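Step one of this worksheet: look at the structure below.
On a predicted model such as this, the values are computed, not experimentally measured, just so you know.
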Amino acid sequence: MANHRDSAWIGGCERCQGELTAVCLYYGFSPRIESVCDDMVVVQALVAAGIGVTTLPGLALRAHRLPDVHTTEIPGFPRQIYTVTYGDPPDPPATTALIRAIQDSAR
């Protein structure tokens, strides 16, 4: 992170950008956000093109990862994933299966 103190950064949605800022502040600097996009694939394309650097959740990188993108894990900053259902339990089997798949992927 310290090597990118002066880099251009790519921010995401409001919550993601908040997490990015928190990580950078932990390492002693504020990111200079030059671009903003909430599409993880497009963000990787921007990184691969040399437009800037960013932080991405590991789950997004497992779903799709461009070969020109170098990644380094940042320990100590776990990602939170929320699922919401509506209606009275029990949830339909497909909903239960989806929530289990998300939980398994996040581990």
Could you grab the distance from atom [atom1] of [X] to atom [atom2] of [Y], nearest 0.5 Å is fine?
| X | Y | atom1 | atom2 | value |
| --- | --- | --- | --- | --- |
| I102 | R100 | CD1 | CZ | 12.5 Å |
| H4 | T55 | NE2 | OG1 | 11.5 Å |
| L56 | E19 | CG | CD | 11.0 Å |

[X] to [Y] - nearest heavy-atom pair and separation:
| X | Y | answer |
| --- | --- | --- |
| A48 | D68 | CB-CB, 3.9 Å |
| V36 | G12 | CG1-O, 3.5 Å |
| E73 | P75 | O-CD, 3.4 Å |
| C37 | V43 | O-CG2, 3.4 Å |
| C24 | M1 | SG-CE, 3.7 Å |

Heavy atoms, side chains only, cut-off 4.5 Å: are [X] and [Y] in contact?
| X | Y | answer |
| --- | --- | --- |
| W9 | S35 | no |
| S30 | L25 | yes |
| H70 | T72 | yes |
| V53 | V47 | no |
| I51 | E34 | no |
| I33 | L20 | yes |

Would the distance check show the side chain of [X] and the main-chain N or O of [Y] forming a donor-acceptor pair, the cut-off being under 3.5 Å?
| X | Y | result |
| --- | --- | --- |
| T54 | I10 | yes |
| R32 | D6 | yes |
| R65 | A60 | no |
| Q44 | L66 | yes |

Exercise. Please answer: with hydrophobic residues joined when any side-chain heavy atoms are less than 4.5 Å apart, are I74 and F29 in the same cluster?
Key: yes
Quiz item: Where does the angle between the aromatic ring planes of Y26 and F77 fall among parallel (under 30°), tilted (30 to 60°) and perpendicular (over 60°)?
Solution: perpendicular
Exercise. Could you walk me through whether T95 and T83 pass the side chain to side chain contact (heavy atoms under 4.5 Å, CB included) test, one step at a time?
Key: CA-CA 10 Å; T95 301; T83 58; over 6 Å; no
